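To keep things clear, I will list the structure first and then write my remarks on it.
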Amino acid sequence: MAKEVNHTNIRFWGGLRTIGGTVVSVEYKDSRVIFDFGLTYNPASNIFDGQIKRRVHGMVRDNLKLNLIPAIDGVYSAENLGTYQHDLIPAEENGQETAVIISHLHLDHIGAMGSIAPSIPVYLTKESYELYHALEVIGEGVPGKRNYQSCDYGVSFSIGEITITPIQVDHDILGACGFHIQTPNGAILYTGDLRLHGKYPERIEHFINEVNRLGIDALIIEGTTLSNVEEMREAIIGNPIVPEGMTTEITIPEKMSNKLNETKGLGIFNVYHRNIDRLIGIIKASQGSSRKAVFEHETAYLLDKLTDEHDFLVYKSVETIFEEQTGTLPDWKSELLKRYESISAEKININPGEYFLQNTYENVLELFDLDVCEGIYIHSNGVPLGSFDPAFENLKKILNKLDVDYDYIGAGGHAIPSHLKYIVDRIDPKFLLPLHSFNPERLKPKSGIQLLADYGVDYTLKDHQILANEGKE
Ligand SMILES: [Zn+2]
Ligand SMILES: [Zn+2]
């Protein structure tokens, strides 16, 4: 499919007006870079209701049929495409050199990366790569086995005449970055997901400076927090200040400590454990309230592999006790139990007020074995995230049954509108393409052109300008 044209072609395959599922391709001659390969996050309309069995060997075909993954030529293997080969060119038969680059390991950015043909390299930042390997060990890898390549912040690499430079950002997950993509026609910057109210706002400053140093023509930026009602549709004013009273990654440990100090009974928390900063914050909150942090095995494993924090206990669930008794404990679990002190519900119940215990939603029934009297359940961005997820009602029902108080102490991973606008203004691109948003039109450029991208349209980058070629093909 070698194209003898001297311009860069940009195409959007997913994630424009949804939260996540972002897939964008950038082509120059016979080279192509695709960034992110996730699934749209929408628990309320998910076809997989827990009753339909997924077909491991038909996954790519099924997902194509359900429009869960994009119908792109040359990305899936002939074997996985099967009968779908009538509609799509398999990776093996595609003349292009393709690489996929991943901004971070949230499912809305990686959920389908296991579907990509093994012949196509998929790049993760070094930190994402390490995190992904740890996730695979604890059974949280994405469906589909394949290899991954690693890349590093600030270190450029090339796919044909396309040069990619990952630049670190701050997001609520380890290893997040944006990508500077340079072709002979101009440069594009994809932010991935980012925020200014995280633990490392200085990373965003560095990111902006790096982007400005490298120079860009088009900025593709996430806009998760843009809503259509905020401030009665007044223009968003750019401002890097964190609004007073807003809970941030930095203020969470103290807020949790305060709550725990006024709680007599057991402290319980529900987090999304890919946010390693939050896990460290939980340990700090425990120390600040003279409690011991207790983590489930999977999370303890991530802490052990990815941090220098060891001040915690490992929770011995009913399942783990059974595995121990029957000699069926997986290696990684028994390794962990050798290195860290563990504690069972029975032991915690002797003095529940001395602990801050992790409980993920899938393990919610463990709470039935615990003395939660005068305790507190602190929801801190673990699933179910909110009332838009039908499971949230379920969680509330169970907590009601247990008669345990509920509190939310968390912080989102996405820049608030004034921060998004600040980033846009500082970079001041010629073309601004907001996506990963229900209301991308709310984010306006400082002096350039706002381009609300559409599916099925070829965007041409030539002489540092972008043109939309609608109705082509
Ligand atoms: Zn996202
Ligand atoms: Zn994300």
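Whatever order the structure lists ligands and atoms in, that order sets their numbers, starting from 1. Fair warning: this is a prediction, and the values are worked out from it, not measured in the lab. Just the heavy atoms: all of them, side chains too, but no hydrogens, waters or symmetry mates, feed the values below.
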Can you list the residues that meet the ring-ring contact (aromatic ring centres under 6.0 Å, His included) rule with His133, with sequence neighbours excluded?
-> Tyr129
Taking the six-membered ring where the residue is Trp, are the ring centres of Tyr455 and Phe12 under 6.0 Å apart?
-> no
is_close_aromatic(His379, Tyr406), centroid dist under 6.0 Å | yes
Charged N-O contact under 4.0 Å between Glu249 and Arg195 | yes
Test side chain to side chain contact (heavy atoms under 4.5 Å, CB included) applied to Leu279 and Leu174, Thr299, Thr307, the passing residue = Thr299
Would you say Phe431 and Gln465 make side-chain contact, with heavy atoms under 4.5 Å?
-> yes
If you count every protein N, O or S atom closer than 2.8 Å to the Zn ion (ligand 1), you should arrive at 4
